[in-house]
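The structure appears below as structure tokens.
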2 protein chains.
Amino acid sequence: MASTLGIVSPIQMHFDTPLMLQSGEVLPAYDLMVETYGTLNAARSNAVLVCHALNASHHVAGVYADASGKAGELGWWDNMVGPGKPLDTDRFFVIGINNLGSCFGSTGPMSIDPATGKPFGARFPLLTVEDWVDAQARVADRFGIERFAAVMGGSLGGMQAVAWSLRYPERVGDCLVIASTPRLSAQNIAFNEVARSAILSDPEFHGGDYYAHGVVPRRGLRVARMIGHITYLSDDDMASKFGRALRRADGALDAWRFSFDVEFEVESYLRYQGDKFAGYFDANTYLLITRALDYFDPAKSFDGDLTAALATSQARFLVASFMTDWRFAPARSRELVKALLDNKRDVTYAEIDAPHGHDAFLLDDARYHALIRARYARIAEEIA
Amino acid sequence: MASTLGIVSPIQMHFDTPLMLQSGEVLPAYDLMVETYGTLNAARSNAVLVCHALNASHHVAGVYADASGKAGELGWWDNMVGPGKPLDTDRFFVIGINNLGSCFGSTGPMSIDPATGKPFGARFPLLTVEDWVDAQARVADRFGIERFAAVMGGSLGGMQAVAWSLRYPERVGDCLVIASTPRLSAQNIAFNEVARSAILSDPEFHGGDYYAHGVVPRRGLRVARMIGHITYLSDDDMASKFGRALRRADGALDAWRFSFDVEFEVESYLRYQGDKFAGYFDANTYLLITRALDYFDPAKSFDGDLTAALATSQARFLVASFMTDWRFAPARSRELVKALLDNKRDVTYAEIDAPHGHDAFLLDDARYHALIRARYARIAEEIA
């Protein structure tokens, strides 16, 4: 696929200062995969951190070279980030980081534990959103970036942006929180729990040490991803994409086949997505990331009072939600907006009428992109 | 538990006239488990058929005797059916039938195939809602009931009521369709597909012939049921029932345990429901019933035109939906109502403001029960 950014390459950064985790465990050393786009200015004031969601990575924009082993792979937010894009890499220095514990080159459950010479597997420590943010802060330090012009993310990436505004309030100029939530609802946790149950109960999970058995809990991963995909699309979007259309070879009759094989288009779609995911994503990483999602709750130390929790933030906020998103519905964004307004923060809120459910944050919607573009234009003027 | 109906017992009915199925297959003979409450009047005009949903059975109301092997088990709609209840068994003769293909005594995949002397397993034919209705009609014949005063059902039971009104229009007086839909949406099918995938991919499923291996695909059934339970409750109901409350032994700290074991109350609830279900429900039956749900679509033979499809109905309709039901949302009931009104049918529609999601149809809501009570009072007067 084409990208206005062209060919990009990731870099692997090694960190050997121990990282104290929220669980109390310590990670003595770790690697992070990082990608950057654009040029850091002399004042180091034009840096933007883009945080990724569940299955994405440091590869935010651009394409990989043919010789990279991932020939032509387009960044997951290439429509948002690049020269002339809403987050314009002609003006900003944009950083993507594969989160600690993920499976795209950063240290995680698949990595070799130096203490044993074997993959960490189930022994890799559970992480929180705050742990990710702490690890990301060290990447900023490595680049000499004291303060990000903006930290931005969608979904789980939005939670990281919120966590940045609370954990390093003086290091965040603008905070862009898209299709996100200040904490998961019981229903959100329930979906995560079912997906995890599918993986944990897969006989090929082997308590998380499937690497040693030369297998992968594919069945569990597949079911987990299928569940996820239902929650990423709106009911209406699924109806217009698939409806009750049957999956038929050319010329086949429009009659039931009376089997549990693929009969409807939507079944074919889900199976394809499930199989694809099971082929590239690490099961332990899936468990770890969904648990970090469950745990994220800035209000927890404040007796559930989100307003009190957000009092330490200093950033200017842009919060955006999508009307058909039922995974993190607009009401969840409004909770965040209310708590910010209670604190008299500068906050802009947009509720966008897009049909694509939660996935809308990744898509190229004109009003949505105009909103983000306008905010970055303003930030660019302010730092010029 | 107490029931105003007291002790009831099921009867097993054998049918040896071959049943031609929608798939083209023929079932040479079969048994159906049946329960009745109240007394059939001399004119045989006071009979009501209650159709069940996915995991229920012929045991609609009353309790089983201590010696029955299911001591004290209360019928699944005991709050609705009994002396003085909305469907008053002092006035009506109520019939519950365990659907063909189910696993509570009616012939299904667990039954012995006379042709082989082994359980049918994967060789049991796939069924449709219309097949169930045809089998139910023979039960009516056996009782000498030419016309039901009413056919009623919730969820999948409501689809059976609709199918009755189309397949045997002259045999249905009132048709009560609660928390149902005239056909599944893509999202509904998607949830079924994920649940089936969990079962089909369980290594202990053995292509449907797990009986011979002395095992049950428990993991798959468990995940399937957990997914189901999320769709039965509303987001708000889950929030008020569980919220983000942690599952803690007395005196334990309100701190994360950093594990994939149960951490939140909602996880404990889902695991409990999943384990319970895997202990009593047959996996092949689960597949069969969800597929019958997917296939149900009266409009299919009419190019998707539901109005045309419903033209043959003669019954008077009561359609009820629940505002927080997102599995079969009110909009789905309204499709049915519109198509009935297009045909100038007598139809009453109620959209009930109850917080309990899809499950509301099984619960004792005062306005909901008053509505059903009033309808049956009117029917009772008409047949008196």
Side-chain angles (χ1 to χ4, degrees), chain A residues 21-25 125-126 128 183-187 189-191 193-194 196-198 200-204 218-220 222-223 226-227 229-230 233-235 238-245 254 256 258-260 262-267 269-271 274 287 291 294-295 297 300 304 326 329, chain B residues 21-25 125-126 128 183-187 189-191 193-194 196-198 200-204 218-220 222-223 226-227 229-230 233-235 238-245 254 256 258-260 262-267 269-271 274 287 291 294-295 297 300 304 326 329:
Chain A
L21 305 172
Q22 295 292 305
S23 63
E25 291 199 55
L126 263 70
T128 65
R183 56 196 160 200
L184 293 202
S185 70
Q187 191 188 69
I189 295 171
F191 276 117
E193 167 64 9
V194 180
R196 280 193 300 264
S197 286
L200 292 167
S201 69
D202 186 323
E204 301 199 314
R218 288 184 64 88
R219 302 178 189 90
R222 187 170 172 270
V223 167
M226 291 169 86
I227 296 169
H229 264 275
I230 299 178
L233 302 181
S234 72
D235 190 14
M238 255 197 184
S240 66
K241 266 194 178 124
F242 309 111
R244 296 182 50 85
D254 182 35
W256 307 133
F258 292 98
S259 89
F260 302 121
V262 164
E263 183 84 283
F264 298 92
E265 284 289 350
V266 67
E267 295 176 313
Y269 170 80
L270 288 177
R271 289 187 189 193
L287 299 175
R291 204 42 146 178
D294 292 352
Y295 283 156
D297 186 2
K300 186 164 186 287
W326 63 278
Chain B
L21 305 172
Q22 295 292 305
S23 64
E25 290 199 54
L126 262 69
T128 65
R183 55 193 161 203
L184 294 202
S185 69
Q187 191 189 69
I189 295 172
F191 277 118
E193 166 65 10
V194 180
R196 279 194 300 266
S197 287
L200 292 167
S201 70
D202 186 322
E204 301 200 314
R218 289 185 64 89
R219 300 179 190 91
R222 186 170 173 270
V223 167
M226 292 168 86
I227 295 169
H229 264 276
I230 298 178
L233 303 180
S234 72
D235 189 15
M238 252 196 186
S240 67
K241 266 192 178 124
F242 309 110
R244 296 183 50 87
D254 182 35
W256 307 131
F258 292 98
S259 91
F260 302 120
V262 165
E263 182 84 284
F264 297 92
E265 284 289 349
V266 68
E267 295 177 311
Y269 169 81
L270 288 176
R271 290 187 188 193
L287 298 176
R291 203 43 146 178
D294 291 352
Y295 282 155
D297 185 3
K300 186 164 186 289
W326 63 279

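Here is how names work: the chains are called A, B, and so on, in the same order as the sequence lines, proteins then strands, and each is numbered from 1. Given the structure is predicted, the values throughout are model-derived calculations rather than measurements.
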**Message:** Would you compute the distance between atom CE of B:Met226 and atom OG of A:Ser197 and round it to the nearest 0.5 angstrom?
**Reply:**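 Rounded to the nearest 0.5 Å, the CE-OG separation comes out at 3.5 Å.
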Picking from [options], which has the most non-hydrogen pairs under 4.5 angstrom with chain B?
| options | value |
| --- | --- |
| A:Leu233, A:Asp254, A:Val262, A:Thr128 | A:Asp254 |
| A:Leu184, A:Asp202, A:Asp235, A:Ile227 | A:Asp235 |
| A:Ala329, A:Ala245, A:Gly243 | A:Gly243 |
| A:Arg271, A:Met238, A:Gln187 | A:Gln187 |

Out of [options], which one racks up the most heavy-atom pairs below 4.5 Å with chain A?
| options | answer |
| --- | --- |
| B:Ile230, B:Leu200, B:Val223 | B:Ile230 |
| B:Val266, B:Leu287, B:Leu270 | B:Leu287 |
| B:Ala198, B:Ser185, B:Pro203 | B:Pro203 |
| B:Glu265, B:Lys300, B:Arg196 | B:Lys300 |
| B:Arg183, B:Glu25, B:Lys241 | B:Arg183 |

Exercise. With no hydrogens and no angle check, is any side-chain donor or acceptor of B:Tyr269 less than 3.5 Å from a backbone partner on A:Ala190?
Worked result: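 No: the side chain of B:Tyr269 does not pair with the backbone of A:Ala190.
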For the side chain of B:Arg244 and the backbone of A:Asp294, is there at least one donor-acceptor N/O pair under 3.5 Å apart?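 Such a contact is found between B:Arg244 side chain and A:Asp294 backbone.
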When the 4.5 angstrom heavy-atom criterion is applied to A:Gln22 and chain B, the contacting part is both
Which bit of A:Arg218 comes within less than 4.5 Å of chain B, counting heavy atoms only: side chain, backbone, both or neither?
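Nothing of A:Arg218, per the 4.5 Å heavy-atom cut-off to chain B.
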Residues B:Arg219 and A:Glu204 bridged, charged N to O under 4.0 Å: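 No.
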Nearest heavy-atom contact between B:Ala186 and A:Phe242 is CB-CB, 4.3 Å
Heavy-atom closest contact (B:Arg291 atom, A:Ser259 atom, distance):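 Result for this residue pair: NE-O, 2.9 Å.
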Item to complete: Anything under 30° is parallel, anything over 60° is perpendicular, the rest tilted; go ahead and classify B:Tyr295 against A:Phe264.
Response: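 Geometry flag for A:Phe264 against B:Tyr295: tilted rings.
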